[in-house]
J.: 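Attaching a single structure in structure tokens format; questions to follow.
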Amino acid sequence: MHPVVQIDQLAGHADQTVTLAGWVYNARVSSKVVFLVVRDGTGLCQCVVGKADVPPEIFDRAAHLGQESSLRLTGSVHADPRAPGGYEIHVSDLQAVHSTTDYPISPKAHGIDFLFKHRHLWLRSRRPTAIMRIRHTVIDAIRRFFNDHGFLLVDTPIFAPSAGEGAQTLFEVDYFGDPMYLAQTGQLYLESAALAYGRVYCFGPTFRAEKSKTRRHLTEFWMVEPEIAWAELDDLLAVAEDFIVSIVERVLANHREDLETLGQDVSCLERIRKPFYRLTYSEAAEILRGPRARDLLEKDLAERQARIAELTARLEAQEKERSGPGVKKHRQDQLAQEILDGREELADLEEQVRNIPLHMQLAAGFEWGKDLGGSDETIISRLHDRPIFVTHYPRECKAFYMKRDPADPRVVRNFDLLAPDGYGEIIGGSQREDSLDALLERMAMENMPTEPYEWYLDLRRYGSVPHGGFGLGVERTVAWLCGLKHIRETIAFPRLMGRVYP
RNA sequence: UCCCCGAUAGCUCAAUCGGUAGAGCGAGCGGCUGUUAACCGCUAGGUUCUUGGUUCGAGUCCAAGUCGGGGAGCCA
């Protein structure tokens, strides 16, 4: 047996004989030649078994390998422009390790429910593979950024004894007979670590019991949270900006091919440069109420209605062609797929058309003091071609620990980062309240008990300094960079309301 | 919690006005010298989500439920 070579290393073995260990991704069989597209986790490689080149039993074996059969094969590596990876293998020997029949995920179309019920197998397919590879790079870029900028990793607890604010969004667990909660942030603990070590971060899973069924929500997701001592709002924005740019650069440098597999336009990512836009909440509110938001939505509405008319006509013609006489099989297949895609787009558009008037109403009637809603964020982000920081939200709609702005006591020194193209909030952060009195006053306003927070208040009693941080949602970031419609594809085994299998 | 949509073969979907449940893919067998979701022929494959109702007759109409999808709120 020759040494086992990974498919992504084949270029270094041209004209040599190698062994491949992998699975049958697809097979095409004719009387004199079998084409096996083999998958090994690093790529796809077409392996050619010629009837004249191998003993009859090997040819017969190759001709009857079901999709996802595992195998080892040996052959010579040839450069071939017709092959998907640029190289193909002319097989001289082949062993089936496990012969598979009835693999559930065929090369043709499947519905999303079916695919997620088979997520344990679907991970093998091209699209999930591309996404998981990009996710890996995003996480590596996150860790590298903080490790290279003097941040110390401090892991914060997942069991949180106190519900704090928003108890209804926490999962309760039984902790030796007492109620405990799965943490939805490590931030308070991280503040303690920041005052100990200066620059720190935590990175782990986080849990939200929100009953959200949207394309932006999971009940379990990964969040990275840096926290920085001796930092004010502007310092935090600068870090967040460099941070995002470094992630985007890494993805662009390593994943052109994967992005192409996903149909993502890389020019969207190439536009992500410093400086990002900076808006205050009040400026954002003005935009929402003003003519730019209204014009955008009116234009959206008109464009979508035109597109609906165009699609409806196209679908009608395609359905007529499909049911008409003398249509070739291949063309029928093509039409069927186009009709399905068209209908899905149509349903999406019709929902949007129903929602736009409501969004217009919400934006036009936006009152200072309310938090920005999902549709408001979409409007703001659609009016800009790069990410946008929205800062200085009204104090009432934000958490107790955020630093009140000395220049305008109605607002706090916080920020959200909105990704372009309606991907929504990918970062939320703030400078923290460092004055003991201000913090106590705010906690009293919210009727919060102080005992569980004595340790947190100690941070303001012993050497308090300006500090702050932010949290970045990994899955939303990956969805944005990959151009995915739904966040559930960005994690191997998504946990959603009503979906925990597998 | 609220609003909209859906459930038919293993998968993706058809089935006109309420009148015998179909196609492609997948599977099995056969054919084909290089295929790119290959192609061609044959075979097998159904409790039309559940319960109840209307009707001579229900995949189709009505009611309730279950599950799923999309959206609102909430959020990263």
Side-chain angles (χ1 to χ4, degrees), chain A residues 25-37 44 46 48-52 64 66-67 80 82-84 88 90 100-118 126 166 168-169 184-185 206-225 319 322-323 327-330 332-337 339-340 343-344 347-348 350-352 354-355 358-359 362 371-375 377 397 399 416-419 423-429 470-480 485-488 490 496-499:
Chain A
Y25 193 75
N26 196 8
R28 286 177 292 275
V29 179
S30 69
S31 62
K32 303 268 170 63
V33 62
V34 173
F35 298 100
L36 296 174
V37 178
L44 295 176
Q46 173 157 286
V48 186
V49 188
K51 193 162 195 168
H64 289 89
Q67 194 187 346
D80 191 319
R82 291 172 296 184
E88 64 177 28
H90 293 185
T100 299
T101 53
D102 297 320
Y103 183 69
I105 304 177
S106 67
K108 296 258 173 160
H110 298 281
I112 199 70
D113 186 46
F114 177 83
L115 289 171
F116 272 108
K117 277 184 178 143
H118 295 82
R126 281 171 113 141
Q168 63 277 35
T169 68
Q184 55 172 341
T185 170
T206 188
F207 308 90
R208 303 276 165 97
E210 289 152 7
K211 293 191 175 172
S212 306
K213 281 179 73 173
T214 83
R215 54 186 73 184
R216 294 204 301 275
H217 288 85
L218 297 167
T219 55
E220 176 184 310
F221 65 97
W222 285 68
M223 184 159 71
V224 60
E225 297 174 272
E319 274 166 50
R322 184 171 60 167
S323 58
V327 186
K328 290 251 164 58
K329 280 278 153 56
H330 178 74
Q332 272 196 1
D333 244 27
Q334 196 184 349
L335 280 169
Q337 187 60 55
I339 288 168
L340 284 182
R343 280 184 193 161
E344 199 186 324
D348 258 21
E350 281 169 350
E351 173 109 39
Q352 286 170 19
R354 272 197 300 278
N355 283 330
L358 177 68
H359 294 169
L362 284 171
D371 207 348
L372 295 176
S375 63
E377 288 181 353
C397 64
D416 286 346
L417 180 67
L418 306 182
Y423 277 92
E425 192 182 334
I426 55 169
I427 286 182
F470 58 86
L472 171 108
V474 169
E475 286 76 14
R476 281 191 186 176
T477 305
V478 174
W480 164 47
K485 270 170 69 179
H486 203 301
I487 193 174
R488 66 192 157 194
T490 63
L496 297 119
M497 209 177 82
R499 188 181 289 285

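Order of the sequence lines fixes the chain letters, A, B, ..., with proteins taken first and strands second; residue numbering starts at 1 for each chain.
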J.: Which residues pass the side chain to side chain contact (heavy atoms under 4.5 Å, CB included) test with A:T101, sequence neighbours left out?
T.: none
J.: Would you say a side-chain N or O of A:S30 is under 4.0 Å from OP1 or OP2 of B:U33?
T.: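 No, because none of the side-chain N or O atoms of A:S30 sits under 4.0 Å from OP1 or OP2 of B:U33.
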J.: Does A:R499 have a side-chain nitrogen or oxygen under 4.0 Å from the phosphate oxygens OP1 or OP2 of B:G69?
T.: yes
J.: Angle class for the A:F114/A:H110 ring planes (parallel below 30°, perpendicular above 60°, tilted otherwise)?
T.: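 Parallel, since the angle between the ring planes stays under 30°.
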J.: Measuring only the P atom in each nucleotide, how far is B:U12 from B:A27? A whole number of Å is fine.
T.: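 It works out to 16 Å between them.
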J.: Got a sec, which residues hit side-chain hydrogen bond (donor to acceptor under 3.5 Å, both in side chains) with A:E350, two or more places apart in sequence or on another chain?
T.: none
J.: Hey, is the side chain of A:R343 poking within less than 4.0 Å of OP1 or OP2 on B:U12, counting only N and O atoms?
T.: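 Answer is no, no contact under 4.0 Å.
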J.: Under the salt bridge (Lys or Arg N to Asp or Glu O under 4.0 Å) test, which residues partner A:K117, sequence neighbours left out?
T.: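 A:K117 satisfies salt bridge (Lys or Arg N to Asp or Glu O under 4.0 Å) with A:D113 only.
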J.: Who passes salt bridge (Lys or Arg N to Asp or Glu O under 4.0 Å) against A:R216, sequence neighbours left out?
T.: none
J.: Checking A:E475 now: which residues fulfil salt bridge (Lys or Arg N to Asp or Glu O under 4.0 Å) with it, not counting sequence neighbours?
T.: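 Checked A:E475 against salt bridge (Lys or Arg N to Asp or Glu O under 4.0 Å); matches are A:R135.
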J.: When the C1' atoms of B:U20 and B:G59 are considered, how many whole Å apart are they?
T.: 14 Å
J.: Can you check the A:I105 CD1 to B:U12 P distance for me, whole Å?
T.: 11 Å
J.: Just to be sure I understand the rule, does A:E88 reach a base, reach only the sugar-phosphate, or reach nothing, if contact means heavy atoms closer than 4.0 Å?
T.: base
J.: Find the distance A:M497:CE to B:C2:P and express it as a whole number of Å.
T.: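 To the nearest whole Å, that distance equals 11 Å.
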J.: B:C49 and B:G69: how far apart are their C1' atoms, nearest whole angstrom?
T.: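 To the nearest whole Å, 15 Å.
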J.: So what does A:V29 touch, heavy atoms closer than 4.0 Å: a base, only the sugar-phosphate, or nothing?
T.: base
J.: From CG of A:D113 over to C1' of B:G68, roughly how many Å is that when rounded to an integer?
T.: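 Spelled out: CG on A:D113 to C1' on B:G68 is 5 Å.
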J.: Could you tell me the separation between the CG atom of A:L44 and the C1' atom of B:A37, rounded to a whole number of Å?
T.: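 For the pair A:L44 CG and B:A37 C1', the rounded distance is 13 Å.
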J.: Reading nucleotides 70-76 of chain B from the 5' end, what letters show protein touch, with B for base, S for backbone sugar-phosphate only, - for no heavy atom under 4.0 Å?
T.: BBBBBBB
J.: My understanding is that only residues two or more places apart in sequence, or in another chain, count here; which of them pass side-chain hydrogen bond (donor to acceptor under 3.5 Å, both in side chains) with A:D102?
T.: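 Per chain and number, A:D102 pairs via side-chain hydrogen bond (donor to acceptor under 3.5 Å, both in side chains) with no residue.
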J.: Under the rule for side-chain hydrogen bond (donor to acceptor under 3.5 Å, both in side chains), what residues qualify as partners of A:H359, not counting sequence neighbours?
T.: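 Applying side-chain hydrogen bond (donor to acceptor under 3.5 Å, both in side chains) to A:H359 gives none.
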J.: Run the side chain to side chain contact (heavy atoms under 4.5 Å, CB included) test against A:E425 and tell me which residues pass, sequence neighbours left out.
T.: A:E377, A:D416, A:L418, A:R476
J.: Going by atom types only, do A:T185 and A:E225 share a side-chain donor-acceptor pair under 3.5 Å?
T.: yes
J.: Taking the P atom of each, how far is B:C42 from B:G57, in whole Å?
T.: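 39 Å, rounded to whole Å.
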J.: Rounding to a whole Å, what distance do you find between A:K32:NZ and B:G31:P?
T.: 11 Å
J.: Under the rule for side-chain hydrogen bond (donor to acceptor under 3.5 Å, both in side chains), what residues qualify as partners of A:R28, not counting sequence neighbours?
T.: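 Partners of A:R28 by the side-chain hydrogen bond (donor to acceptor under 3.5 Å, both in side chains) criterion, ordered by chain and then number, come out as A:Q46.
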J.: Can you check the A:F114 CZ to B:A9 P distance for me, whole Å?
T.: 12 Å
J.: If I pick the P atom on B:A76 and the same atom on B:U36, what distance separates them, to the nearest angstrom?
T.: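 Going atom to atom, P in each nucleotide, I get 50 Å.
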J.: Please classify the nucleic acid contact of A:F35 as base, sugar-phosphate, or nothing, using heavy-atom distances under 4.0 Å.
T.: base
J.: Return the stems involving RNA chain B, sorted by first number, where pairs are Watson-Crick (N1-N3 with N6-O4 or O6-N4) or G-U wobble (N1-O2 and O6-N3), both under 3.5 Å, and runs are 3 or more long.
T.: B:1-7 with B:66-72, B:10-13 with B:22-25, B:27-31 with B:39-43, B:49-53 with B:61-65
J.: Could you list all N or O pairs between the protein and nucleotides 46-49 of chain B that sit under 3.5 Å apart?
T.:
none

J.: Please work out whether B:C17 sits syn or anti, treating a glycosidic angle within 90° of 0 as syn.
T.: syn
